[in-house]
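This is a predicted model, so every value here is computed, not measured. The figures that follow rest on heavy atoms only: side chains count, while hydrogens, waters and symmetry mates do not. Every chain is numbered from 1, with letters handed out A, B, ... down the list of sequences.
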Amino acid sequence: MKAKNLFFPTLREDPSEAEVISHKLMIKSGLIRKVASGVYNWLPLGVKILRKVENIVREEMNSFGGQEVLMPMVQPGELWKETERWQKYGKELLVFQDRHEREFCLGPTHEEVITDLLRREVKSHKQLPVTLYQIQTKFRDEIRPRFGVMRSREFLMKDAYSFDLTKENLDLSYKNMKEAYVKIFDRLGLDYRVVKADTGEIGGSDSEEIHVLADTGEDLLVFSNESDFASNVELMLEEGQDPQSLKGKPSPDGKGTLELKKGIEVGHIFKLGTKYSESMNFKIQVENENKFLEMGCYGIGISRIVAAAIEQNNDEKGIIWPEALAPFNVCIIEVNPKNDQKVSNQCEELYKELSNQGFDVLWDNRDQGPGVKFSDMELIGIPNIVTISKKTIENNHFEFRTREEEQGVHLSLNELLTKIKG
RNA sequence: CGGGGCAUAGCGCAGCCUGGUAGCGCACCUGCUUUGGGAGCAGGUGGUCGCAGGUUCAAAUCCUGCUGCCCCGACCA
């Protein structure tokens with residue numbers, strides 16, 4: 001893509017509305033703009049990154065046997081009354097009436113809708129197990145939205161639901177999903193941990209969270225320094241206990257002592273058991289018995305991952321995208337093309353060559369000085385930077401560096417291609 | 001909802017204390033120059049000072065109410 005055709009309004013100064021680094025950088029680099037508190041526009045560059053995350057999640061969901069569906073954002077009140085969450089979910093549930101004064105809510109999650117869907121369609125154990133997922137916009141009327149898309153009211157989420165006949169099979173589906181999650185977060189290239197978690201309002205038995213480690217995280221996590229014990233502190237605290245008091249204590253599994261770290265919750269997997277199948281009467285006959293379905297639910301905060309990735313990967317110049325999330329693989333900085341007609345020509349050639357090789361290239365052909373181009377490309381975090389100028393043409397080479405390097409190296413076309421392929 | 005802060009040009013801010021009809025930097029427009037790290041000079045465009053009411057000869061400035069936004073807390077798949 002040519003930068004002239006990309007709508008990415010970058011800012012020179014820090015936006016006054018943002019406090020945490022990821023929020024500042026997302027606004028500054030033209031990924032998002034605020035519409036209202038906790039509600040954001042995603043601009044082209046932001047959408048590109050969102051899609052990268054989505055696609056990794058989608059690929060792994062599919063390869064682990066999940067099937068994609070799309071459920072509505074607007075949900076009828078009756079379903080929520082069946083599970084009694086119409087009352088219990090609290091004010092986070094944004095409710096309203098349609099013109100016929102029927103009650104609806106904006107979906108903060110989809111257990112009710114998916115259970116309703118499957119109880120109508122699944123009549124035999126032969127149709128099981130089934131795991132469905134969607135990537136869709138959720139709305140939770142947070143008491144205090146904050147830190148941009150990190151804790152917004154409207155956000156993009158992948159939510160998956162598994163349906164099994166027995167607890168043993170639920171265990172398998174859960175384990176399967178956990179594997180998929182590990183695969184996903186490995187591919188995303190983030191420093192993350194899987195920790196034991198509270199099951200909270202949503203109910204159920206086992207539950208684990210996936211956290212991206214970052215000092216600005218809202219959750220405190222405890223780890224053993226010797227074993228793989230890891231938990232959200234919530235689970236370890238007595239009433240009124242100071243989390244810091246856990247530090248240095250022996251790990252509950254008897255191996256090592258505890259240490260604390262902060263994390264951003266980006267995924268959560270649950271064994272729901274029969275909580276929803278019972279309240280919504282979803283059962284299937286096996287032999288002479290009617291059995292309630294064993295359910296699991298599995299969330300990933302897609303938009304939150306974008307913020308978490310930035311929180312973990314930035315410097316004073318801007319974002320440093322992990323390869324898997326970068327909106328472009330390479331940018332070509334065209335330095336002062338008016339100096340020499342050949343500059344643009346060579347940019348065009350390289351642009352075509354790299355594109356043909358399957359790279360997503362951003363050619364900065366804007367009518368700007370080199371300083372602006374370098375700063376912007378660094379701000380938006382393109383991992384590989386190629387510079388073409390009168391000088392590089394006279395010397396018959398390309399200048400190349402990665403986002404994190406200060407100094408460039410001089411390369412031939414072939415060397416450049418190998419380098420970018422990494 | 002409790003505590004704190006902010007609201008003045010597209011963005012970042014000053015002016016407010018001590019009332020006299022709005023300013024700076026960046027951006028934007030025009031021209032010339034410049035061209036490897038956010039260019040220079042000259043000229044220019046752009047504001048119901050968040051909204052409503054009050055005090056006053058006169059309000060961005062003082063008073064009251066409201067709204068929005070941010071931060072801390074409570075809350076939170």
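The separation between N336(A) atom CG and G37(B) atom C1' is 11 Å, rounded to whole Å. For R401(A) and G37(B), the CZ to P distance is 12 Å, given to the nearest whole Å. For the pair E142(A) CD and C75(B) P, the interatomic distance rounds to 13 Å; values are reported in whole Å. Atom P of nucleotide G4(B) and atom CZ of R144(A) are separated by 15 Å, given to the nearest angstrom. Between D364(A) atom CG and G36(B) atom C1' there is a gap of 14 Å when expressed in whole angstrom units. Residue R366(A) contributes atom CZ, which lies 14 Å from atom P of G38(B) at whole-angstrom precision. In this structure, CG of D367(A) is placed 13 Å from C1' of A39(B), rounded to the nearest angstrom. Rounded to whole Å, the distance from NZ on K338(A) to C1' on G36(B) is 16 Å.
With both ends at atom C1', the span from G47(B) to A27(B) equals 16 Å, rounded to whole Å. Between the C1' atoms of U56(B) and G19(B), the separation comes to 9 Å (whole Å). The same atom, C1', is picked in A14(B) and in U8(B); the two are 10 Å apart, to the nearest Å. Taking atom P on both U45(B) and G25(B), the two are 15 Å apart, rounded to the nearest angstrom. Between A52(B) and C11(B), the distance separating the two C1' atoms is 28 Å to the nearest Å. Comparing the C1' positions of C13(B) and U64(B) gives an interatomic distance of 28 Å, to the nearest angstrom. Spacing between C28(B) and U21(B) at atom P, rounded to whole Å, works out to 32 Å. Distance noted for atom C1' between C63(B) and G23(B): 26 Å (whole Å).
Taking for each of K373(A) and K138(A) the nucleotide of RNA chain B with the nearest heavy atom, the 5'-most of the two is the partner of K373(A). Closest-nucleotide positions on RNA chain B for H110(A) and H23(A) were compared, and the one nearer the 5' end corresponds to H23(A).
Annotation: D215(A), atom CG; neighbour count of heavy atoms from other residues, nucleotides and ligands within 6.0 Å does not exceed 12. Taking a 6.0 Å sphere around CG of N396(A), one finds it holds 12 or fewer heavy atoms contributed by other residues, nucleotides or ligands.
Within 4.0 Å of E378(A), counting heavy atoms only, lies at least one base atom of the nucleic acid. Within the nucleic acid shown, S207(A) has no heavy atom closer than 4.0 Å to any nucleic acid atom. Counting non-hydrogen atoms under 4.0 angstrom, F155(A) reaches nothing in the nucleic acid. As judged by a 4.0 angstrom heavy-atom cut-off over every strand, E399(A) is placed among the base-contacting residues.
The stretch residues 366-381 of chain A participates, sequence neighbours left out, in these salt bridge (charged side-chain N to carboxylate O under 4.0 Å, His left out) pairs: K317(A)-E378(A), K338(A)-D367(A), D364(A)-R366(A), R366(A)-D376(A), E378(A)-R401(A). Sorted by first and then second residue, the salt bridge (charged side-chain N to carboxylate O under 4.0 Å, His left out) pairs involving residues 62-80 of chain A (not counting sequence neighbours) are R58(A)-E68(A).
Not a single ring pair (Phe, Tyr, Trp, His ring centres under 6.0 Å) links F398(A) to another residue, sequence neighbours left out. Considering only residues two or more places apart in sequence or on other chains, S375(A) meets the side chain to side chain contact (heavy atoms under 4.5 Å, CB included) condition with none of them. Residues passing the ring pair (Phe, Tyr, Trp, His ring centres under 6.0 Å) test with W80(A) are Y89(A), sequence neighbours excluded. For Y181(A), there are no ring pair (Phe, Tyr, Trp, His ring centres under 6.0 Å) partners at least two apart in sequence or on another chain. Remark: Y351(A) pairs with W363(A) by the ring pair (Phe, Tyr, Trp, His ring centres under 6.0 Å) rule, at least two apart or across chains. S227(A) pairs by the side chain to side chain donor-acceptor pair (under 3.5 Å) definition with S224(A), D253(A), not counting sequence neighbours. Residues passing the side chain to side chain contact (heavy atoms under 4.5 Å, CB included) test with Q357(A) are E353(A), F359(A), L417(A), K421(A), sequence neighbours excluded.
When Watson-Crick and G-U wobble pairs are counted only if both distances are under 3.5 Å, G50(B) pairs with C66(B). Under the Watson-Crick or G-U wobble criterion, with both distances below 3.5 Å, C32(B) is paired with G40(B). With both pairing distances under 3.5 Å, C57(B) is matched to G20(B) as a Watson-Crick or G-U wobble pair. Look at C1(B): its Watson-Crick or wobble partner, with both distances under 3.5 angstrom, is G73(B).
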Using the side chain to side chain donor-acceptor pair (under 3.5 Å) rule, take T115(A) and E111(A) through it: C-alpha gap first, then chi angles, then the decisive distance, then the call. CA-CA 6 Å; T115(A) 306; E111(A) 282 80 13; over 6 Å; no
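Y276(A) and D116(A) share no donor-acceptor pair across their side chains, judged by distance under 3.5 Å alone.
Only R12(A), E13(A), D14(A), S16(A), E17(A), E19(A), listed by number, bring a heavy atom of residues 4-21 of chain A to less than 4.0 angstrom from any atom of RNA chain B. Near RNA chain B, meaning a heavy atom under 4.0 Å away, the residues from residues 26-48 of chain A are K34(A), A36(A), S37(A).
K271(A) forms a cation-pi arrangement with Y174(A), by the criterion of a distance under 6.0 Å to the ring centre and an angle within 45° of the ring axis.
A close approach under 4.0 Å does occur between a side-chain nitrogen or oxygen of N339(A) and OP1 or OP2 of G36(B).
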Could I get a table of every N or O pair under 3.5 Å where one atom is in the protein and the other is in nucleotides 28-31 of chain B?
none

